[in-house]
Amino acid sequence: MEKQDDLTLLKPRSYRRVLSAGFRLYTSHFRRFFKASWQMALLYALTCGALGTLTAIKIPELAMALQQQLVALQGVLLETLREYMFTLLGILALAVLSIATLSLASAPILSKLKEHKETGTITTPPHWLTASPHLMGRSLKGIFLTVLVMLIPIAIFAAFMVLAEMMSQGVIMRHLVTAIVTMSVWIIFCLLFYLPLYHVLMKYVMEAPCGYWRTLSRHYATGLRHWGMLFLVFFISGMFVLFVTMVVTLPSQILNFANQQAYSGLLMGDALGMPSYIVPLTFATTTLCSYIQFYVSQVMLAHNYYVYGSIEAREEEKMNNEKMNIES
């Protein structure tokens, strides 16, 4: 009973207890999470396999074209982007599809977390093909809108850089260090203010139907007040997920590196030097690694679930204290 109480959602917790509770909930109910989500996770892995294979084959050619432009001090990126438009559009389409399938694959796990929030338990799905269409749609919408919000400041900066290049060809190369430093500072600044969006996303998915933009306007400030906890939890959880991901995806990383080296040599006039089955092998390996990586990454979802619960409990305590002070 004490162990079950420790996993209660709406309970003020320190970041250490959030990490501990999220990890214990995820590992103790992993079989149920897997049974609820395996088919959508497979779709996500297949998409990642296609994306990884395409980038491994095409990125060397794109990188060499960019390098040639940089050496020649021509218009940086613009000519190359036009020349490789269809390749870049294919990569972009697969990247968007990967985000979509990630959202759909996470939805059954979110459904189980929502069940835990409402009942305190997580039941075994009745069959192997189960998902909540409503929650899948809400998860898809919430994640895409969150990504859109995150991309807005980066898109503004990128548009500024492209405009500067169009106005003065080669200006980026002449001030390359300044451009890189400015871009790095801007990205770090944006990342710091992205953290409350995770609380907004979880609140949007977990609670009664409400528009995403209304949820964002009402609860972004709440996440901002608990920025310290969000930062500590996501930094530690992210480091853990990153380390394990690097281990489980090592075979695909090795194959991608081998592909890039081989195709780079091919562009220089060397023989390809790779077996004929390297492309399907790369696809199969990347797909398998992505499938495992998906379930590793869902640890962060469990941690976000308990961050959300802790913030909600603290905010409720704050409101109760304010009411008591007013009444007294």
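What you see is a predicted model; the values in this text were computed from it and never measured.
Rounded to the nearest 0.5 angstrom, Leu113 CG and Leu9 CG are separated by 9.0 Å. Rounding to the nearest 0.5 Å places CZ of Arg32 at 7.5 Å from CD1 of Ile122. Rounding to the nearest 0.5 Å places CD1 of Ile99 at 9.0 Å from CD1 of Ile143. For the atom pair CD1 (Ile187) and CG (Leu192), the distance works out to 12.0 Å, reported to the nearest 0.5 Å. Taken from NE2 in His303 to CZ in Phe234, the straight-line distance is 9.5 Å, to the nearest 0.5 Å. Interatomic distance, Met202 CE to Thr146 OG1, rounded to the nearest 0.5 Å: 10.5 Å.
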Apply side-chain contact (heavy atoms from CB on, under 4.5 Å) to the pair Phe294 and Ser290, showing each step before the final yes or no. CA-CA 6 Å; Phe294 168 78; Ser290 299; over 6 Å; no
Passes salt bridge (charged side-chain N to carboxylate O under 4.0 Å, His left out), Glu317 versus Arg314? Steps please. CA-CA 5 Å; Glu317 280 188 358; Arg314 291 175 187 274; over 6 Å; no
Decide side-chain contact (heavy atoms from CB on, under 4.5 Å) for Leu110 and Arg138; before the verdict, give the C-alpha distance in whole Å, the side-chain angles of both, and the deciding distance to 0.1 Å. CA-CA 10 Å; Leu110 283 168; Arg138 200 163 176 83; over 6 Å; no
Under the ring-ring contact (aromatic ring centres under 6.0 Å, His included) rule, what do Tyr204 and His219 come out as? Steps first, then yes or no, please. CA-CA 10 Å; Tyr204 170 74; His219 301 288; over 10 Å; no
Evaluate the side-chain hydrogen bond (donor to acceptor under 3.5 Å, both in side chains) criterion for residues Glu115 and Thr123: first the C-alpha distance (whole Å), next the side-chain angles of each, then the deciding distance (0.1 Å), finally the verdict. CA-CA 8 Å; Glu115 178 186 357; Thr123 59; 2.6 Å; yes
For side-chain contact (heavy atoms from CB on, under 4.5 Å), just list the numbers for Leu19 and Ser237, CA-CA rounded to whole Å, side-chain angles, deciding distance to a tenth of an Å, and then say yes or no. CA-CA 7 Å; Leu19 292 167; Ser237 181; 4.2 Å; yes
Derivation and outcome, side-chain hydrogen bond (donor to acceptor under 3.5 Å, both in side chains), residues Ser310 and Tyr15: CA-CA 9 Å; Ser310 179; Tyr15 77 93; over 6 Å; no
CA sep, side-chain torsions, deciding dist, call: Ser20, Arg16, side-chain contact (heavy atoms from CB on, under 4.5 Å): CA-CA 6 Å; Ser20 174; Arg16 292 188 182 89; over 6 Å; no
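No side-chain donor from either of Lys114 and Tyr305 sits under 3.5 Å from a side-chain acceptor of the other. No side-chain donor-acceptor contact under 3.5 Å links Tyr44 and Ser106. There is a side-chain donor-acceptor pair under 3.5 Å between Gln253 and Thr249.
None of Phe189, Phe193, Tyr194 except one satisfies the side chain to side chain contact (heavy atoms under 4.5 Å, CB included) rule with Pro153; the exception is Tyr194.
Judged by distance alone, the side chain of Thr285 and the main-chain N or O of Thr282 form no donor-acceptor pair under 3.5 Å. Of the possible polar contacts, one joining the Thr215 side chain to the Gly211 backbone as a donor-acceptor pair under 3.5 Å is found. Judged by distance alone, with hydrogens and angles left aside, the side-chain atoms of Thr53 form a donor-acceptor pair with the main-chain N or O of Gly49 at under 3.5 Å. For the pair Arg31 (side chain) and Thr27 (backbone), a donor-acceptor distance under 3.5 Å is absent. Judged purely by atom type and a 3.5 angstrom limit, Thr8 has no side-chain atom pairing as donor or acceptor with the backbone of Leu10. Checking side-chain atoms of Asn320 against main-chain N and O of Glu316 turns up a donor-acceptor pair under 3.5 Å.
Shown here are the side chain to side chain contact (heavy atoms under 4.5 Å, CB included) partners of Phe30, two or more places apart in sequence or in another chain: Tyr26, Phe34, Tyr295.
Nearest heavy-atom pair, Cys289 versus Val248, reported as atom, atom and distance to 0.1 Å: SG-O, 3.4 Å. Pro125 and Lys112 get closest at one heavy-atom pair: CG-CE, 3.9 Å. Contact record, Phe33 with Leu25: CE1-O, 3.9 Å, taken as the closest heavy-atom pair. Between Met40 and Leu104 the shortest heavy-atom distance is CE-CB, 3.4 Å. In this structure, His199 and Gly223 approach most closely via the heavy-atom pair CD2-N, 4.1 Å. Contact between Tyr212 and Val200 at its shortest, heavy atoms only, is CE1-CG1, 4.3 Å.
Between Arg24 and His29 the shortest side-chain heavy-atom distance does not fall below 4.5 Å. Within the 4.5 Å cutoff, no side-chain heavy atoms of Thr286 are placed close to those of Leu255. Counting heavy atoms from C-beta on, the side chains of Leu242 and Met239 come closer than 4.5 Å. Side chains of Val149 and Trp213 form a contact here, defined as non-hydrogen atoms less than 4.5 Å apart.
Both Phe235 and Leu301 belong to a single network of hydrophobic side chains, linked directly or stepwise wherever heavy atoms of I, L, V, M, F, W or Y lie under 4.5 Å apart. Under the 4.5 Å side-chain heavy-atom criterion for Ile, Leu, Val, Met, Phe, Trp and Tyr, Ile254 and Met246 are members of distinct hydrophobic clusters. A single hydrophobic cluster is seen to contain both Leu151 and Tyr220, as judged by linkage of ILVMFWY side chains at heavy-atom distances under 4.5 Å, directly or through other members. Ile292 and Leu250 end up in different hydrophobic clusters when Ile, Leu, Val, Met, Phe, Trp and Tyr side chains are linked at under 4.5 Å. Criterion: ILVMFWY side-chain heavy atoms under 4.5 Å apart, direct or through other members. Under it, Leu92 and Ile154 are part of a common hydrophobic cluster.
Residue pairs meeting the salt bridge (charged side-chain N to carboxylate O under 4.0 Å, His left out) criterion with at least one partner in residues 218-236, sequence neighbours excluded, are Arg225-Glu315. Each side chain to side chain donor-acceptor pair (under 3.5 Å) pair with one or both residues in residues 90-103, not counting sequence neighbours, would appear here, but there are none.
Taking a 6.0 Å sphere around OH of Tyr198, one finds it holds 12 or fewer heavy atoms contributed by other residues, nucleotides or ligands.
Ring orientation note: the planes of Tyr306 and His116 are nearly perpendicular, at an angle over 60° on the 30°/60° scale.
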